[in-house]
There are 2 protein chains.
Amino acid sequence: MKIKNDDNLDFALILANHGVSKTKFRIHLLNLFYDKESLTVKEVMNKFSNLINKVTIYRALVSFEEKGLIHKVPSSNNLIRYSLCNADECSASLHKHNHGHFICNNCNQTFCLENYKSPDIMPIDGFFINSLNLILEGYCKDCHLH
Amino acid sequence: MKIKNDDNLDFALILANHGVSKTKFRIHLLNLFYDKESLTVKEVMNKFSNLINKVTIYRALVSFEEKGLIHKVPSSNNLIRYSLCNADECSASLHKHNHGHFICNNCNQTFCLENYKSPDIMPIDGFFINSLNLILEGYCKDCHLH
DNA sequence: AAAATAACGCAATTAGGTTGCGTTTAGTTC
DNA sequence: GAACTAAACGCAACCTAATTGCGTTATTTT
Ligand SMILES: [Mn+2]
Ligand SMILES: [Mn+2]
Ligand SMILES: [Zn+2]
Ligand SMILES: [Zn+2]
């Protein structure tokens with residue numbers, strides 16, 4: 001279940017609580033993550049009509065990640081993709097969602113699959129687990145036919 | 001359970017059965033996939049001591065993928081990574097493993113996690129599912145302590 | 001064996017991501 | 001609220017994985 005931004009959230013406060021500078025851009029960027037299941041740099045650029053420098057976007061995303069606001073989502077499409085951390089299941093160093101995600105091979109959109117349940121994290125000796133992701137890929141409704 | 005190449009497999013025959021040209025390089029490349037859980041282009045290049053042109057490797061991997069011999073493994077490290085298709089669970093258009101895979105964020109090695117079970121594939125209406133992957137990321141035994 | 005088809009290697013190109021540095025903005029101290 | 005410090009920003013240049021074009025070589029088909 002994703003928190004939507006129409007819950008009247010104070011994004012500046014959330015940034016402050018995570019030790020992230022609350023610039024206009026970063027407040028707006030955090031807002032975007034509450035609207036979209038996941039975002040790539042390209043998608044963020046488009047949302048800002050290419051007015052924000054890509055380097056600024058890259059650095060903001062790294063900063064958000066370091067401060068535990070977002071995490072990477074693995075994919076086969078060779079693009080860095082980020083998703084909002086889930087307060088229930090993500091900690092600063094261990095990220096997971098209890099459900100799977102579907103990534104479209106054509107339009108790159110992501111969809112939550114609430115009825116695909118992720119297994120619980122079990123320690124593996126010697127290994128340090130950072131994240132668990134259940135990833136389905138294919139074609140979404142829009143891209144299904146051609 | 002992974003088939004090992006010491007089972008005396010005829011790689012040329014496997015290629016032929018999948019409609020892939022059996023060049024010396026491609027026979028050797030297929031052999032590699034029976035040894036290693038997954039491979040990137042860089043890893044393949046190293047295995048061949050950089051004697052094979054990278055374009056040749058890229059095209060061979062695409063060809064193997066199109067013919068249903070290998071499939072991509074999603075990851076967060078922005079590298080195209082391929083793994084041998086599993087005769088039991090992979091078809092030409094639908095790829096999965098019954099177990100999870102661990103990818104090291106440092107050395108990029110992949111490990112099978114036999115006791116992490118993937119959920120079964122359930123159709124989602126409107127969506128065309130190509131693959132299901134359970135991906136764990138973090139640091140492996142070698143890279144755990146910096 | 002000859003013809004047709006596909007793989008190969010090289011060079012050039014594309015595209016996602018990164019780095020350095022001077023400037024601007026935000027956070028802090030007085 | 002002005003002065004100071006630290007971080008974010010934008011630009012240009014750079015890095016590297018991946019792709020494309022094309023002439024050559026190897027494989028497959030007849
Ligand atoms: Mn997270
Ligand atoms: Mn497969
Ligand atoms: Zn789509
Ligand atoms: Zn490692």
Side-chain angles (χ1 to χ4, degrees), chain A residues 10-32 38-67 69-70 72-82 103 105 107-108, chain B residues 10-32 38-67 69-70 72-82 103 105 107-108:
Chain A
D10 187 340
F11 298 109
L13 184 63
I14 297 172
L15 289 176
N17 288 342
H18 284 80
V20 178
S21 297
K22 30 190 183 173
T23 67
K24 271 160 254 153
F25 164 63
R26 290 183 176 205
I27 291 167
H28 198 155
L29 177 63
L30 182 59
N31 193 328
L32 282 187
S38 78
L39 290 163
T40 60
V41 167
K42 204 188 240 174
E43 287 164 8
V44 173
M45 284 191 74
N46 290 339
K47 289 276 181 185
F48 286 93
S49 310
N50 300 310
L51 295 174
I52 301 291
N53 191 279
K54 65 172 179 174
V55 180
T56 302
I57 298 171
Y58 278 105
R59 292 202 260 233
L61 292 172
V62 168
S63 172
F64 280 23
E65 189 189 25
E66 286 172 351
K67 301 299 169 49
L69 278 166
I70 60 176
K72 286 182 183 166
V73 181
S75 69
S76 303
N77 62 5
N78 208 33
L79 278 179
I80 297 182
R81 172 173 291 285
Y82 286 99
I103 302 172
N105 284 335
C107 68
N108 282 324
Chain B
D10 186 341
F11 298 110
L13 184 63
I14 296 171
L15 289 176
N17 288 342
H18 284 81
V20 177
S21 297
K22 32 188 182 172
T23 67
K24 271 160 254 153
F25 163 63
R26 290 181 177 206
I27 291 167
H28 197 155
L29 177 63
L30 182 59
N31 192 327
L32 282 187
S38 77
L39 290 164
T40 61
V41 167
K42 204 187 242 175
E43 287 165 5
V44 173
M45 284 190 74
N46 290 338
K47 288 278 182 185
F48 285 93
S49 311
N50 301 310
L51 295 173
I52 301 291
N53 191 279
K54 65 174 176 173
V55 180
T56 302
I57 298 170
Y58 278 106
R59 293 203 260 235
L61 292 172
V62 169
S63 172
F64 280 23
E65 187 189 27
E66 285 171 353
K67 301 299 169 52
L69 279 166
I70 60 176
K72 286 182 183 167
V73 180
S75 69
S76 301
N77 62 5
N78 210 33
L79 277 180
I80 296 183
R81 173 173 290 286
Y82 286 99
I103 302 171
N105 285 334
C107 68
N108 282 322

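We use all heavy atoms of the structure for the numbers below, so side chains are in, but hydrogens, waters and symmetry mates are not. Quick note on labels: first sequence line is chain A, next is B, and so on, each numbered from 1. Only a predicted model underlies this, so the values are computations on that prediction, with no experimental measurement involved.
Between the axis at the start and the axis at the end of the helix from C/dA1-D/dT30 to C/dA26-D/dT5 there is an angle of 50°, using five pairs per end and rounding to 10 degrees.
With a cutoff of under 4.0 Å to any heavy atom of chain A, the contacted region of DNA chain C is bounded 5' to 3' by C/dG16 to C/dG27.
Separation of atoms CG (A/N108) and CG (A/L39) is listed at 11.5 Å; rounding is to 0.5 Å. Atoms CD1 and CG, on B/I70 and B/L30 in that order, are 9.0 Å from each other to the nearest 0.5 Å. To the nearest 0.5 Å, the span separating CG on B/L29 from CZ on B/F64 amounts to 4.5 Å. To the nearest 0.5 Å, the span separating CZ on B/F11 from NZ on B/K22 amounts to 14.5 Å. Residue B/I80 holds its CD1 atom at 5.0 Å from OH of B/Y82, rounded to the nearest 0.5 Å.
When rounded to the nearest whole Å, the span between CD1 of A/I80 and C1' of D/dC15 equals 14 Å. A straight line from NZ of B/K42 to C1' of D/dT16 spans 8 Å, rounded to a whole angstrom. One atom, CZ of A/R26, and another, C1' of D/dA8, lie 6 Å apart when rounded to the nearest Å.
Under a cut-off of 6.0 angstrom, the local environment of NZ in B/K67 is crowded, with over 12 non-hydrogen atoms contributed by other residues, nucleotides or ligands.
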Please table the atom pairs, donor to acceptor, closer than 3.5 Å between any side-chain atom in residues 51-63 of chain B and protein atoms at least two apart or in another chain.
from  : atom 1 : to    : atom 2 : distance (Å)
B/N53 : OD1    : B/V55 : N      : 2.9
B/S63 : OG     : B/R26 : NH1    : 3.2

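A heavy-atom distance below 4.5 Å is not found between the side chains of A/T40 and A/N77.
Of the two residues contacting DNA chain C, namely B/L51 and A/L79, the nearest-nucleotide position lying further toward the 5' end is that of B/L51. If B/N78 and B/K24 are placed on DNA chain C by their nearest nucleotide, the residue sitting closer to the 5' end is B/K24. Along DNA chain D, the nucleotide nearest B/K22 and the nucleotide nearest A/S63 are compared for position; the residue whose nucleotide lies closer to the 5' end is A/S63.
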Please test B/S38 against B/R81 for side-chain hydrogen bond (donor to acceptor under 3.5 Å, both in side chains), starting from the C-alpha separation and ending with a verdict.
CA-CA 7 Å; B/S38 77; B/R81 173 173 290 286; 2.6 Å; yes

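Within residues 53-61 of chain A, the residues that have a heavy atom under 4.0 Å from DNA chain D are, in order of number, A/N53, A/V55, A/T56, A/R59.
In this structure, the side-chain hydrogen bond (donor to acceptor under 3.5 Å, both in side chains) partners of B/S76, at least two apart in sequence or on a different chain, are B/E137. With sequence neighbours left out, B/N105 forms a side-chain hydrogen bond (donor to acceptor under 3.5 Å, both in side chains) with no residue at all.
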